[in-house]
Every structure is written in C-alpha cells, then in structure tokens.
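Notes follow once the structure below has been shown.
Chain A is the first sequence line, chain B the second, and so forth, proteins listed ahead of strands; every chain is numbered from 1.
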Protein chains: 2
Amino acid sequence: MSSAGPSASCLGAAPRSAAQARIVIAALALFAENGVGGTSLQMIADAIGVTKAAVYHQFKTKEEIVVAAVEVELARLVPALDAAEAEAGPRALDVLLTQVIDLAVARRRMVSTLEYDPVVVRLLAEHEPFQQFMQRLFRVLIGPDVGAAARVRAAMISTAIGGAVTHPLVADLDDEALRSQLVRFTRQFLDITG
Amino acid sequence: MSSAGPSASCLGAAPRSAAQARIVIAALALFAENGVGGTSLQMIADAIGVTKAAVYHQFKTKEEIVVAAVEVELARLVPALDAAEAEAGPRALDVLLTQVIDLAVARRRMVSTLEYDPVVVRLLAEHEPFQQFMQRLFRVLIGPDVGAAARVRAAMISTAIGGAVTHPLVADLDDEALRSQLVRFTRQFLDITG
DNA sequence: GTCTATATAACGATAGAC
DNA sequence: GTCTATCGTTATATAGAC
C-alpha cells in the first residue's frame, strides 16, 4: 500500500540527528566555497566548533558526508517533481521549471557544487538512487523524445538555470529579480506560453 | 605603435618552454577529472613521468600552474573575440558565439574546470588580467545594456553553452552533432536569424 | 632539466577515555 | 556525543647533487 508514500522519491533523505544535520549544513557551505576536494574534515569540524573525531562519530568517511549533503539538497526537488508528474501534458514542464528556478535561486550558493563539482558529478553517476532520481527529472524535462535535439535542449536549459544563479554577472540581483528574469527567459527558450 | 599588436588581448599567454607546456597540458586534464582542489602536484608529476621536484623547478607554486592553465585555455578565445570586435553591429554576437561554441565543443572536458571550479572562479575574480578579459567578452555578449534582463540572459547563455558540452545527457554525441544543435538553440534563444 | 632526499604540515581515519 | 592522542599517508615546498 503506502510503503513508499505517494512520491516514490528514490531518495532516502531520512531525517537525521541534530549532530548530523549540523555537519551536513556546514559541509555544504564549505563545498560551495572550496569545492569538495578542497574541503577537509578539519575545516568542517572547525566550522561547527568540534573536533574531527566528533565528525567521524557521525559519518564513517568523508564520502558519506558528501552523499548525505547531496541527498539533502536533491530532496528539496522532490515536491516539485511530484507536482510536475501529477500534472500531465505540457503544463507539467512549466510546473517543474518554475519550482526548480525558485529553489535554484534560493539555494544559489549550493547549486554549482551539486551540478558541476567533479566529485559530486562522479557520485551522481555511480550512486544508483541518484541516477534514478535524475532520470525521473529528465523524463519530465525531455518527455518521450530521446533525440539529439531534445537532449541538447534539456542539457542547455538545466545548466543555464544552474549556472545563471551562480554567475558573477547577476550576483548583485536580489532573489525576486533574478527569479522573474529566469522564468521569463526559460519560458521563451522552451516556447512555453505560460 | 604596435607594442600590443592588433588584439590587445589582456592575456599574457606567453609561449612557454616545452617542459612548462607539458605540465600545463597534464594539469588541465587532471583538473577536469578531479577538480583543482583534488589534484596534487604528485599526480601531475606522475602523469608526465617526472618527480615533483622537476615540476617545482618550472612553477614555484601550485597556484602558478593553475594560472598558467587558465591563461592557456582562455587565450584560445582571443581570436574569436578579436573577430567579433572587428565586426560591429548585430553580426558581432553571432561571430563570437559560433566560434565560442566551436571551442567549447572541441575542449569540452576542460570547460567545466574553467567555468565552475571554485578555485578557478576565485582566480578569475581576483586576477586583474582575467577580469579585463572577461569584461571584454561580456561587452560583446551583452552590448551597451547593463540592465538586469541583459545580464541574466548573458549569464544563461554563457553557462548553457559551457554546461551543455559537459552534460552526461549529451556525452554520446559527436562534436559535429553537438555543435550544430548548440548553434541552433543559441541563435533561437538570442533571436539571431543567422 | 631532472633527480634523491628531506622538512614541515595537513590529510583521512581510528582507539580509547569521559 | 565529544574529547585527546595518535597512526599511516599524503600534501606543498625546498636543498643540493648530477
């Protein structure tokens, strides 16, 4: 029956202990600034005011922290994806994109880590649950079409959103200004009349 | 008179010794795979079959290698930028974009390092010559407009190109297929009739 | 231009006390 | 859940011979 709930989100995103949550939050901020490879466990421990050993008590390895951090951020997309899949037809894409843009703008500093960091990219490609989640995402984005044009278009729009929110050119824009422009240009690019 | 030549490229891009060139080439490939923070001098030395000390003889610090690598890759854009600046009016943008796309496709594995690696991003923001070069680039891309819309659009199109060429969705496409789709969607997005 | 050898520091990770 | 202390490894960087 409701063993997986209505979303079947593919992501664990289990509610974690307070200590684990603090580590993940601190790690994400440091990953965004220094990259995953440039962030040490010492830096994470210092950021939350504990020792390395305390961090290792919560996560056995550094990779586990990276996985947890990516899970937490990707889980934010689950409601948007659920809503889009509930909405069949051309409206589904518009529902997904406006919510994805909202999230990307609100979390702009974390986006580049999730989308472009080589360590995370490798993780997304190797970790089964992440793969399935990304497939769900791109199925809504591309639709049934699997041609070169549809895939290039999907790659462009997903990286355009992710890249634009972190771009120095728009660093001074407030969230609402950035959001409205992104929605407008994204709809134009995808020929969505709204 | 011609002290800077016709391009005034802002970039040194000085022809380097063969030993330095080999280091930079190996470093770029490793940066693309592991990120700058995840690449050690030992890895670079191993890749070209010498010891760390030999690498340090060519570059005093790791940062110097990163600067040289970024310089070499950005210098590839100089001819395209020169050509675009020579071509006034709306044709300038089309000239720049088609050449930038050619380069991005040909160098796809290096693009994410240059555009998204946090170490490189910081370098681009702090290093004066890089700043000036990027300003030149975005002047052609944006034009005289400095409004929010123009800047969001420029950020989207530059990251859409850079992100699309490295995206897993299009990893199986050959250079020519990827190139032609990118040119088509980019023109459509920018309302260039060609 | 490359090597061996080394200094010094930081890395990921673990053991055991509290 | 956090600590001190430590292991083994790797990091950046240097000195000096060839």
>> Measure CD/A:Gln42 against P/D:dT6 and give the value in whole Å, please.
In response: 16 Å

> CD of B:Gln131 to CG of B:Leu124: how many Å apart, nearest 0.5 Å?
Replying inline: 9.0 Å

> Taking A:Tyr116 for the side chain and B:Glu115 for the main chain, is one N or O donor matched with an acceptor at less than 3.5 Å?
Replying inline: no

> From C:dG1, C:dG12, C:dC3, pick the nucleotide closest to the side chain of B:Val50?
Replying inline: C:dC3

> C:dA10 C1' sits how many Å from B:Lys62 NZ, rounded?
Replying inline: 13 Å

> Any ion pair linking B:Glu85 and B:Arg136 (charged N to carboxylate O, less than 4.0 Å)?
Replying inline: yes

> Atom CG of B:Leu41 to atom C1' of D:dT12: distance rounded to whole Å?
Replying inline: 7 Å

>> Aromatic contact between A:His167 and B:Phe138, with the criterion being ring centroids under 6.0 Å apart: yes or no?
In response: yes

>> I want to check one thing: is the phosphate of D:dG1, taken as OP1 and OP2, less than 4.0 Å away from some side-chain N or O of A:Arg22?
In response: no

> Hey, are B:Asp145 and B:Arg151 close enough for a salt bridge, meaning a charged N less than 4.0 Å from a carboxylate O?
Replying inline: no

> Over how many whole Å does the gap from B:Phe59 atom CZ to D:dA13 atom P extend?
Replying inline: 13 Å

>> For D:dT14 and B:Tyr56 - does any side-chain N or O of the residue sit under 4.0 Å from the phosphate oxygens OP1/OP2?
In response: no

> In terms of side-chain geometry, is the basic nitrogen of B:Arg122 or B:Glu63 positioned less than 4.0 Å from the acidic oxygen of its partner?
Replying inline: no

> Taking protein heavy atoms under 4.0 Å as touching, what does nucleotides 4-9 of chain C look like 5' to 3' if B marks base contact, S marks sugar-phosphate-only contact and - marks none?
Replying inline: B-----

>> So A:Phe133 and A:Leu77, do their side chains get closer than 4.5 Å, heavy atoms only?
In response: yes

>> Distance check needed: C:dA15 P versus A:Lys60 NZ, whole Å only.
In response: 12 Å

>> Could you tell me how far apart A:Glu64 (CD) and C:dG12 (P) are, to the nearest whole angstrom?
In response: 14 Å

> Side-chain N or O of A:Ser40 less than 4.0 angstrom from OP1 or OP2 on C:dC11?
Replying inline: yes

>> Could you tell me how far apart A:His57 (NE2) and C:dA17 (C1') are, to the nearest whole angstrom?
In response: 14 Å

> Atom CG of B:Asp46 to atom P of C:dC3: distance rounded to whole Å?
Replying inline: 11 Å

